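Lettering follows sequence order; numbering is per chain, from 1. This structure is a prediction, so every number in the text was calculated from the model and none was measured.
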There are 2 protein chains.
Amino acid sequence: MRADDETAGAGGATRATRTTGVAETAGKDGKYGKDGAAGDAYDPRAFPPFAVTVDLAVFTVRDARLQVLLVRRGESPYRGSWALPGGFVRPDESAGAAARRELAEETGLGADTVRPLHLEQLRTYSDPGRDPRMRVVSVAYAALLPDLPEPRGGGDAAHAQWVPRDTAGPLAFDHDTILADAHDRIGAKLEYTCLATRFCPAEFTLGELQQVYETVWGVQLDRPNFRRKVLATPGFVEAVEGPPRPTGGRGKPAALHRAGPASALHPPLLRPEGRPSP
Amino acid sequence: MRADDETAGAGGATRATRTTGVAETAGKDGKYGKDGAAGDAYDPRAFPPFAVTVDLAVFTVRDARLQVLLVRRGESPYRGSWALPGGFVRPDESAGAAARRELAEETGLGADTVRPLHLEQLRTYSDPGRDPRMRVVSVAYAALLPDLPEPRGGGDAAHAQWVPRDTAGPLAFDHDTILADAHDRIGAKLEYTCLATRFCPAEFTLGELQQVYETVWGVQLDRPNFRRKVLATPGFVEAVEGPPRPTGGRGKPAALHRAGPASALHPPLLRPEGRPSP
DNA sequence: GGAATAGTGTCTCTAAGACAGTATGGT
DNA sequence: ACCATACTGTCTTAGAGACACTATTCC
């Protein structure tokens, strides 16, 4: 598990710009919304101004590898570097809505396709020095996609691209940290939730589901035991009637399943070796 | 487990004010820091302005009850209501640093006392309608305190007060949700981390540690089994040499322990009944 | 002695790890 | 024929639940 607070933010503090004296005053004793020293009249300028963005760590499993959606930056700083997709939160939407909107834009998928996808708020990155130009607070989200037929549509999203997670080189800003946190979180959630099915299409084989676990965790699992565990967990998967599906040419075709109604796994499906993060 | 995205933020959208056309433009195609349509020159006003605050869910176990630190609001809206302590993030500090600063201010504890305390970022609340006056994005933190000798110091913090978690009535803003999320998260983290020792003083008995689990989870645990599990987990607790401590008058004095170097529990200490949240 | 809490020991049962063996498809 | 994958079954072991029992203190 990753250490998870950025409390020691003092390192970036000297570098940060104090934009206005007004802001400083508000932070010190105005304390908007918390105590009443300033009285009821509210001055919209009496708070420190921040930009709020969302950053997305979008994962899929393709070709037995964990892949992440990246964009190439077209402007400085970090011009030419890879970065996580993302953008501004608009004045009239929540961060979650912004994340879903950005996901649709960057993948080129339609709103209907994006709606049922799993979007999970990871954490918020707020170090004063994380963007050299100004104060930006970013709410990070992790998204899980099945390996969709339309890789990234044909719209504005032509610059977004799937990159294997382990070759995702140095990214812009603090996006390496965000990506690592996202990978950790997804791996941990596979243990005690039914999240893995979100990496799979509507109908999938147990081999494909096992592939998700093996790819995200980077381990090999025993097939009979995996099978037993999944089938013994009520509501994790449901058998689909009908003919089995051939598995990539070779071997016996496998029975199809779909995601069941359960969302949590009890007891959890712990990864081998005990340690939560590799 | 609690549903965890606020994607359906459209409900508050109609109520929100569009402050500037500039902001809207920035959100639509400026996309600061993501793509290069606007060129390299950066206009500090070309982003939607947000206020960023931190909210703290500060827990302790006292008198065998889970208690949370609340403040009473002195101004509208929600004047007179209880609320979570919190305040603005300053221009030169991270949200984590702001949370630690606010924790020190609200509890009246010194910076040295506050430094080693566990502060965990929960999630960020960003619904456009969550504050009726303006757009405020709040990063929520959970903090765990041992039952300290100085309940809340003697400074500005006279208005902060410990309240039993189950009687924490309707709170201001969306603080009921934040508090519920915080309780959920703390409960879940007790299962697979050594966090429980953070509720205890430097030296504690196994009975006190068990009391933490029972209080946060709201269940009864079998003492021998709890003992066996804790002692069998390497690095969870260490025996302290010296005389045992009498336990509240009655009964045999208990041996003292201190927190060990481990941070994760493998395998986890699952709560009874299987369900993650009560 | 009785009540209360600390601590030990033991039996049982669940579920995970390991792995042998069978079934059914492709080439 | 051979290989690859799907699926079944069995043995073993780690660890949790349940609970009987002993130890030490205050009243």
Practice task
Please report, rounded to the nearest Å, how far the P atom of C:dG7 is from the CG atom of B:L221.
Solution key: 16 Å
Handout entry: NZ or CZ of A:R228 within 45° of A:F226 ring axis and under 6.0 Å
Key = no
Handout entry: hbond_proxy B:N225 side chain to D:dA18 base (donor-acceptor, 3.5 Å cutoff)
Key = yes
Handout entry: B:R100 side chain vs B:L117 backbone, donor-acceptor pair below 3.5 Å
Key = yes
Exercise for the section: For B:L231 and for A:L269, find the nucleotide of DNA chain C with the closest heavy atom, then tell me which residue's nucleotide is more 5'. Expected result: B:L231
Exercise for the section: On DNA chain D, check which nucleotide each of A:P253 and B:K229 is closest to and give me the residue with the more 5' one. Expected result: A:P253
Exercise for the section: State which of D:dT24, C:dT8, D:dA4 makes the closest approach to the side chain of B:K252. Expected result: D:dT24
Completion exercise
Here the distance between atom C1' of C:dA15 and atom CG of B:L270, to the nearest Å, is 12 Å
Problem - Between P of D:dG17 and CZ of B:F226, the distance in whole Å - result: 12 Å
Problem - Interatomic distance where CD belongs to A:Q220 and P belongs to D:dT5 [whole Å] - result: 11 Å
Practice task
Measure from CD on B:Q210 to P on D:dG17 and round the result to the nearest Å.
Solution key: 12 Å
Handout entry: Sugar-phosphate, base or nothing in reach of A:P267, heavy atoms under 4.0 Å
Key = sugar-phosphate
Handout entry: Cationic N near anionic O, under 4.0 Å, A:R65 to A:D166
Key = yes
Handout entry: Member of B:V212, B:T60, B:I186, B:V216 meeting the side-chain contact (heavy atoms from CB on, under 4.5 Å) criterion with B:L66
Key = B:V216
Completion exercise
From the candidates D:dT8, C:dG7, D:dC3, the one with an atom nearest any side-chain atom of B:R227 is C:dG7
Problem - Nearest-Å distance for atom pair CD/P, residues B:Q211 and C:dT5 - result: 10 Å
Practice task
Identify whether any heavy atom of A:A232 sits under 4.0 Å from a base atom; if not, whether one sits that close to sugar-phosphate; answer base, sugar-phosphate or nothing.
Solution key: nothing
Problem - Protein-nucleotide distance (B:H266, atom NE2; C:dG17, atom P), rounded to Å - result: 13 Å
Exercise for the section: Classify the ring geometry between A:F59 and A:H183 as parallel (under 30°), tilted (30 to 60°) or perpendicular (over 60°). Expected result: tilted
Exercise for the section: Rounded to the nearest angstrom, tell me the gap between atom CG in A:D222 and atom P in D:dT5. Expected result: 15 Å
Handout entry: Donor-acceptor pair under 3.5 Å, B:R228 side chain vs C:dG7 base
Key = no
